[in-house]
Amino acid sequence: MLNNTDECSIWLATHILPHEGHIRTGLRRYADIEPDDIIHEAYVIMAQAEWSAVTNPRAYFVSVCRNLVMQHYRRARMVPVTSLALMQADTMADAAPSAERVVHARQEMRFLEKAIAKLPARCRDIFILRRARGLTQKECAAQLSISENIVEKQLARALVFLSKEYSESDREMTVDEERRPRLAHSRKRQP
Amino acid sequence: MRRDARVSPTLANASPDEAAAGWTARLDQGPLSAGEQQALQQWLEQDIRHKGAFLRAKAIWHASGRLAALEGSKTPAIAHPTTLPVLPRRRFFAAAAAAAVLLAAPKRQGKANSLYTTSNAVSAPLGTAFGTITLDCYSRLKMGLESNRLVSGRCCVLGRTGMVMKAGNLIFVPQGRLLLSCTPTQVTATAISGTVRLRRHHSDEWWTLTSGAQITLSGDLPPEVRSLMPEELDAQNAWSLGRLEVHDESMASIASTFNRYNQRQLHVAPALANRRLTGVFSLNQPEAFATAARSILGARLNESPQTLLLY
């Protein structure tokens, strides 16, 4: 699994990560479910699957999470009635085909920009030098006259922070319902 | 952010997200030692959630690479290289020979400096000794022995060493895919892949555009350079691949684009003109788009050999 390439990370970054906040919101409504655990397991399942053939990543992400919730309840001795009802109503998140980019690249940029602005100053400087200007960790250390070890630790710190921001990204990353464009291949019946 | 967040991958009390972030940052620093490799492997095998956290951290790391585009808009991705190697004359004659056997769909006028013009269609790729040039609709291209000039409109150049393109008072030497557009007042060049060297006419100062960079020149004003995101590049390059990418665009605007590229004209009733659509369509199949739009908008479609009417 360690060997799975950057391509997989890029696919997850482009097609899965932006939907995570929305799907977490759905998961939070289930009793006895830890959204973090479901999301982490879902990443493993998706990375091991034939991800390049997935045509509707968001729907795929939803269905993987739903199956994991089901598995959890199957193993559990007591299943909350409300959770069962939720599963049946299938309201965790819509699995409609989403050809459109619900998450616009510009919005994700704004999201990242805002998130980075909240980092402590030194952590932010290091992260920007490394990720935005493309300096190596060694070059970052030289430019800021600090040790490479500090650069590495601060980058990890920034990643932990971004990880939390992505977890709570529901509002920031999705298009408002009224502005959401109609799907190019939704199956609406003709009048 | 927690001030005391301990993110070292070696700390046992770190949360999966913290440890995953630590390992991701460590891997970015350089190759792991055998001991570290073993420690990482052990940690990953401890719990499936560790693997998930690690995959997710790597995904977030990649996603944060978008910041480069943001930074790029402030600091142009443009460099001043050394002088360009002189092109052997023999290659010019090779270009001339190739220019003589062009498989061009657009209309050709003249001989020494061939002028190609397109109307409502994209040209077939025009072959030269140093690559191909695809001409967008309503564009004009002058092909010469030593260089080619985009007179007006838009073209996509796939060039290798020896390809020289001109537009306005600019000279381009692309090694890769270059998107070029030219109006009487403005020239815009986008490096889709590879690199593009360019200079002004009568100037020895060469610049280099790297992949994803776009330069706009209006008259004698200083050039404007910005970095495009992969999605923007795809959208701008779509026409040369026979695709139309629209994002939340009005039916009226989509129809006018289709009509520029096709004989069969698409008309949209006023009631539907402001409805908006998103999708990727085949640029030379307005019928397929009309059928899709009919289903999505719940509209009716009237077809005749020359027109398509959505109402």
Side-chain angles (χ1 to χ4, degrees), chain A residues 1-2 4 6 8-10 12-14 16-18 36-37 39-44 47 99-101 104-105 108-109 112-113 116 118-120 123 127-128 130-134 137 148 151-153 155-157 159-164 166 179 181-191, chain B residues 1-3 5 7-9 15-18 20-26 28-30 40-41 44 48-71 75 229-232 247-248 275-281 292 294-300:
Chain A
M1 201 206 69
L2 256 179
N4 72 13
D6 279 354
C8 177
S9 293
I10 291 167
L12 289 169
T14 313
I16 297 300
L17 190 61
D36 267 352
D37 293 351
I39 294 284
H40 285 154
E41 277 198 61
Y43 269 80
V44 177
E100 92 275 34
R101 287 196 181 96
H104 288 241
E108 194 173 353
M109 291 276 284
L112 274 171
E113 217 178 348
I116 298 297
K118 290 185 215 162
L119 284 169
C123 187
F127 199 74
I128 286 175
R130 175 68 194 95
R131 297 307 285 144
R133 302 212 181 139
Q137 288 196 19
E148 283 184 58
V151 171
E152 186 192 313
K153 295 286 177 287
L155 285 174
R157 174 179 272 222
L159 260 184
V160 171
F161 180 74
L162 279 182
S163 162
K164 285 179 187 154
Y166 268 103
R179 283 198 57 237
R182 299 290 292 270
L183 304 179
H185 55 76
S186 64
R187 296 193 181 98
K188 186 171 176 179
R189 288 189 178 197
Q190 281 176 245
Chain B
M1 178 180 178
R2 237 171 66 207
R3 282 272 165 192
V7 293
S8 167
S15 75
D17 278 335
E18 287 171 345
W23 280 116
T24 306
R26 171 62 195 86
D28 176 60
Q29 197 261 325
L40 171 59
Q41 202 60 46
L44 287 171
I48 190 171
R49 288 170 297 186
H50 292 180
K51 284 183 184 170
F54 184 59
L55 285 164
R56 185 169 172 270
K58 288 207 295 181
I60 293 172
W61 180 259
H62 276 287
S64 70
R66 283 178 184 281
L67 289 168
L70 200 69
E71 194 68 15
T75 51
M229 285 185 295
E231 295 83 350
E232 289 177 298
H247 297 282
D248 196 22
R275 300 286 295 273
R276 305 183 88 78
L277 280 184
T278 290
V280 180
F281 305 97
R294 180 185 63 181
S295 311
I296 296 161
L297 304 174
R300 288 168 196 275

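Naming convention: chains lettered A, B, ... in sequence-line order (proteins, then strands); numbering from 1 in each chain.
Looking only at distances, a side-chain donor or acceptor of B:Thr24 sits under 3.5 Å from a matching main-chain atom of B:Ala20.
If you tally non-hydrogen atom pairs under 4.5 Å between each of A:Arg131, A:Gln137, A:Glu41 and chain B, the highest count goes to A:Arg131. Highest contact tally toward chain A, considering only B:Arg56, B:His50, B:His62, B:Gln29, is held by B:Arg56 [criterion: heavy-atom pairs under 4.5 Å].
A distance of 7.5 Å separates CH2 of B:Trp23 from CZ of B:Arg26, quoted to the nearest 0.5 Å.
Residues A:Leu162 and A:Leu119 form no side-chain contact, since every pair of their non-hydrogen atoms from C-beta on lies 4.5 Å or further apart.
The shortest heavy-atom contact between B:Gly22 and A:Glu152 is O-OE2, 4.3 Å.
For A:Ile39, the part sitting under 4.5 Å from any heavy atom of chain B is the side chain, from C-beta outward, and nothing else.
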